Amino acid sequence: MKRFLGAALGAVLLFAAGCSNSEADAAKTTVESFLKTQQEGDMDASKTYLAGEAADMFDTREDMRNGLRSYEEAGVNSKTLEEFVDAQIRACSMMWEKYEVGDVKVEGDKATVLVNTTGIDMDD
């Protein structure tokens, strides 16, 4: 999960980064928006802040549900699968119980944003 977080935030920053203070503010705002949507469990909105490889590997609610299609075909009822997806999303949002977006460092067309988070650990 840490690798995904790094890739996701990296893509967010590449998407929003620039070289002026206003662009640094935009990068910080974009990261804050991404983290807020994650905290709220809005996977579809979260994906809108990603680009490139991070966007490709990030699952929306629909992607999560489609990943369970074989269970549905095996006879697991739809309500159970929807509840499972809801639980996955709740668990993901718990990683962002608290977050603080700190300093932004801009170098050329890339930015680094310091983020401190508190929440459950999603490592295996």
Side-chain angles (χ1 to χ4, degrees):
M1 190 58 165
K2 288 180 183 177
R3 185 175 67 172
F4 167 74
L5 177 60
L9 291 178
V12 169
L13 298 177
L14 289 174
F15 176 73
C19 58
S20 71
N21 282 342
S22 65
E23 289 173 329
D25 290 340
K28 185 174 183 175
T29 298
T30 300
V31 170
E32 288 170 339
S33 297
F34 172 80
L35 292 170
K36 182 177 181 197
T37 61
Q38 284 285 284
Q39 188 180 53
E40 294 170 347
D42 190 344
M43 308 307 273
D44 297 332
S46 294
K47 190 167 184 167
T48 66
Y49 295 103
L50 303 177
E53 186 177 318
D56 293 341
M57 61 189 252
F58 190 87
D59 286 342
T60 63
R61 179 181 186 80
E62 181 180 357
D63 296 331
M64 292 174 166
R65 182 60 175 86
N66 288 339
L68 300 173
R69 205 165 295 286
S70 64
Y71 292 98
E72 191 168 27
E73 292 167 0
V76 177
N77 74 43
S78 184
K79 182 179 179 195
T80 299
L81 296 175
E82 288 299 325
E83 290 172 354
F84 182 74
V85 170
D86 289 342
Q88 287 180 305
I89 291 172
R90 278 193 306 277
C92 184
S93 70
M94 291 170 72
M95 291 187 328
W96 314 106
E97 181 180 330
K98 295 180 185 176
Y99 61 85
E100 181 180 341
V101 178
D103 295 334
V104 179
K105 180 180 177 184
V106 177
E107 292 181 3
D109 65 348
K110 296 182 183 178
T112 303
V113 179
L114 178 64
V115 179
N116 290 312
T117 64
T118 304
I120 64 169
D121 189 355
M122 296 293 281
D123 281 344
D124 294 328

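Predicted, not measured: the structure shown is a model, and the values here were computed from it.
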Subject >> Heavy atoms of other groups near Glu83 CD, more than 12 under 6.0 Å >> reply: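 Counting other residues, nucleotides and ligands, CD of Glu83 exceeds 12 neighbours.
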Item to complete: With sequence neighbours excluded, tell me which residues meet salt bridge (charged side-chain N to carboxylate O under 4.0 Å, His left out) with Asp42.
Response: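 With neighbours one apart ignored, the set is empty.
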| task | Name all residues meeting the salt bridge (charged side-chain N to carboxylate O under 4.0 Å, His left out) criterion together with Glu100; count only those two or more places apart in sequence or in a different chain, and write none if there are none. | result |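 Here no residue qualifies.
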Atom of [X], atom of [Y] and distance for their closest heavy-atom approach:
| X | Y | answer |
| --- | --- | --- |
| Ser93 | Gly41 | CB-N, 3.9 Å |
| Gly102 | Val113 | O-CG1, 4.4 Å |
| Ser46 | Phe34 | O-CD1, 3.5 Å |

Rounded at 0.5 Å granularity, tell me how far [atom1] in [X] sits from [atom2] in [Y].
| X | Y | atom1 | atom2 | result |
| --- | --- | --- | --- | --- |
| Leu50 | Thr30 | CG | OG1 | 11.0 Å |
| Ser33 | Gln38 | OG | CD | 12.0 Å |
| Met95 | Gln39 | CE | CD | 11.5 Å |
| Ile89 | Arg61 | CD1 | CZ | 4.5 Å |
| Leu68 | Met64 | CG | CE | 9.5 Å |
| Asp56 | Glu53 | CG | CD | 7.5 Å |

Partners of [X] by side-chain hydrogen bond (donor to acceptor under 3.5 Å, both in side chains), sequence neighbours excluded?
| X | result |
| --- | --- |
| Glu72 | Arg65 |
| Lys36 | none |
| Asp63 | Thr60 |
| Arg90 | none |

*Mind checking side-chain contact (heavy atoms from CB on, under 4.5 Å) for Asn77 and listing every partner two or more places apart, or none if nothing turns up?*
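Only Lys79, Thr80 meet the side-chain contact (heavy atoms from CB on, under 4.5 Å) criterion with Asn77.
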Notebook entry, point to check: Between Lys28 and Asp103, is there a side-chain N and carboxylate O pair less than 4.0 Å apart?
Noted result: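 Between Asp103 and Lys28 there is no salt bridge, as every charged N stays at least 4.0 Å from the carboxylate O atoms.
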Practice problem: Tell me, with the steps shown, if Glu40 and Trp96 meet side chain to side chain contact (heavy atoms under 4.5 Å, CB included). | Solution: CA-CA 9 Å; Glu40 294 170 347; Trp96 314 106; over 6 Å; no
If two hydrophobic side chains count as joined below 4.5 Å and joins carry through other members, does Tyr49 share a cluster with Leu114?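 No, no single cluster joins them.
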**Request:** Please confirm whether the backbone N or O of Asp59 pairs with a side-chain atom of Lys47, one donor and one acceptor, at under 3.5 Å?
**Result:**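 Not a single qualifying donor-acceptor pair exists.
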